[in-house]
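Working notes, beginning with the structure itself.
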There are 2 protein chains.
Amino acid sequence: MPDGAPKKTSRIQKRNRRLILEAALDVFSRHGYRGATLDQIAAEAGLSKPNILYYFDGKEDIHVTLLSRLMDTWLDPLVAMSPQGEPVTEILSYVQRKLNMARDLPRESRLFANEILQGAPRIAPELTGHLKPLFDEKCALIAEWIAQGRLPPLDPQHLIFSIWSTTQHYADFESQVRILMGPEEDPHARASAHLRRMFEAMLRV
Amino acid sequence: MPDGAPKKTSRIQKRNRRLILEAALDVFSRHGYRGATLDQIAAEAGLSKPNILYYFDGKEDIHVTLLSRLMDTWLDPLVAMSPQGEPVTEILSYVQRKLNMARDLPRESRLFANEILQGAPRIAPELTGHLKPLFDEKCALIAEWIAQGRLPPLDPQHLIFSIWSTTQHYADFESQVRILMGPEEDPHARASAHLRRMFEAMLRV
DNA sequence: GTCTATACAAAGATAGAC
DNA sequence: GTCTATCTTTGTATAGAC
């Protein structure tokens, strides 16, 4: 492409790839990698199975494409935790953003959960390459806040694990939560209040 | 069986059923229901595939048998939370028992996580029948402690969710934790100290 | 009770017409 | 680019000998 010619991805191609990835997110998040079938994805996308394979090299290609494209969105709330802000506020806001994400993007949460649960066979490189540096950076930030006496002495790594697990629980274990809570007027609001209280208590110097 | 005749389960039958369930726990917890194959289970159990199907009616039969047999063990730590004890001690002990369980029985944790994650299709009745009543009972106990002023006003249901999620995280998301923590001398001890501090802070009146 | 051989179904992928 | 038809592999389950 010497003269900067476009990659020739037509409008219809973009649309179909988007349709496929949207359907795949649905199916993979509900059934896991092995449990998902191309037939289901094709049916949900409203395309034929061979047509799916015209746009992607195969089932695994669809899966890794999905995971890669969603990784940035998934990490956004942590990226937004800023050295400029007030420590307790920053962390409590992070908890809220993460909980909102579990509410708004439960399929994405379950997609990642399925993959990690089975040993992260297809996403380990992304974790090492993208998540780990970000994780280390934010742990260092929290450690600095502690050193400055702006946070009580706590374990930055395990604090982040606790934030992840408590918030994602509402997406990943939604079926169990629903069975145990019964019909609830506003489940998100109660969870939000609970987590704010919990982490507030923990972060008090 | 009028005269109380034994069910005629020979020693070898018991042994083989045990071998199969042990192998199945391994395979199902690593790959999920759909991802697991009878070939793998047979290979790990050291038996032939048809022999597996002599002892169980099929793949699903093995799976539900596993889940049912493990349910009691799984709920033990919560059952042990006693009205007689001191509230804060009882809850902190529960956290520790649950964390120990994630360390000692990670396969069981992942088996349940896989099932819940996919909507609990095969275990919903057990959840409704066994887990729900126990959950309600313990929520009522915590609510009583709060009413007596022995605990701060917190949300019993979400407190239990937070305990489950933070402790099981170390089993269910072990692959991610390992990538992020690197080689660790005693990961369990650090997690244990962190969770004790966190829930202690939260439970302080 | 256990095995070999095999039936049967599901699912990933390809061929080739249009 | 999209389809129908089909190949191939894999996986659950059964038949029947021993």
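Keep in mind that this is a model prediction, so the values were computed, not measured. Below, read A as the first sequence line, B as the second, and so on, with proteins coming before strands; counting in each chain starts at 1.
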**OP:** Verify the contact: side-chain N or O of B:Arg34 to OP1 or OP2 of D:dG11, cut-off strictly under 4.0 Å; return yes or no.
**Re:** no
Subject >> Basic-acidic side-chain contact under 4.0 Å: A:Glu174, A:Arg178 >> reply: yes
**OP:** Using a cut-off of strictly less than 4.0 Å, decide whether A:Ser48 has a side-chain nitrogen or oxygen near OP1 or OP2 of D:dC3.
**Re:** yes
Original post:
Is the shortest side-chain N to carboxylate O distance from A:Glu115 to A:Arg122 below 4.0 Å?
Top reply: yes
**OP:** Please check the phosphate of D:dG1 (OP1 and OP2 only) for any side-chain N or O of A:Asn51 closer than 4.0 Å.
**Re:** no
Original post:
Atom CG of A:Leu19 and atom P of D:dG1: how far apart are they, to the nearest Å?
Top reply: 14 Å
**OP:** Check whether any side-chain N or O of A:Glu184 sits under 3.5 Å from a backbone N or O of A:Pro187 as a donor-acceptor pair, and report yes or no.
**Re:** no
**OP:** Rounded off to whole Å, could you give me the OH-to-C1' distance for the A:Tyr55 and D:dC3 pair?
**Re:** 13 Å
Original post:
With the threshold set at 4.0 Å, does a side-chain nitrogen-carboxylate oxygen contact exist between B:Asp186 and B:Arg190?
Top reply: no
Please tabulate, one pair per line, each protein N/O and nucleotide N/O from nucleotides 13-17 of chain C that are separated by under 3.5 Å, including the distance.
unit_1, atom_1, unit_2, atom_2, d
C:dA13, OP2, A:Lys59, N, 3.0

Subject >> A:Glu137 and A:Lys132 ion-paired at < 4.0 Å >> reply: no
Original post:
Please give, in whole Å, the distance from D:dA5 P to A:Asp39 CG?
Top reply: 15 Å
Subject >> Spacing between A:Phe56 atom CZ and D:dT2 atom P, to the nearest angstrom >> reply: 13 Å
Subject >> B:Tyr33 OH to D:dG11 P, straight-line distance once rounded to whole Å >> reply: 14 Å
Original post:
Is there a donor-acceptor pair closer than 3.5 Å between any side-chain N or O of A:Ser165 and the backbone N or O of B:His169?
Top reply: no
**OP:** Can you tell me the distance, in whole Å, between the CD1 atom of B:Ile62 and the P atom of D:dG11?
**Re:** 15 Å
**OP:** Looking at every strand, decide which applies to A:Ala42 at a 4.0 Å heavy-atom threshold: base, sugar-phosphate, or nothing.
**Re:** nothing
Subject >> Rounded distance in Å - CD1 (B:Ile52) to C1' (D:dA13) >> reply: 13 Å
Subject >> For the student: nearest non-hydrogen atoms of A:Phe28 and A:Asn114, plus distance >> reply: O-ND2, 3.8 Å
Original post:
Should B:Tyr54 be listed as having a side-chain N or O under 4.0 Å from OP1 or OP2 of D:dT14?
Top reply: no
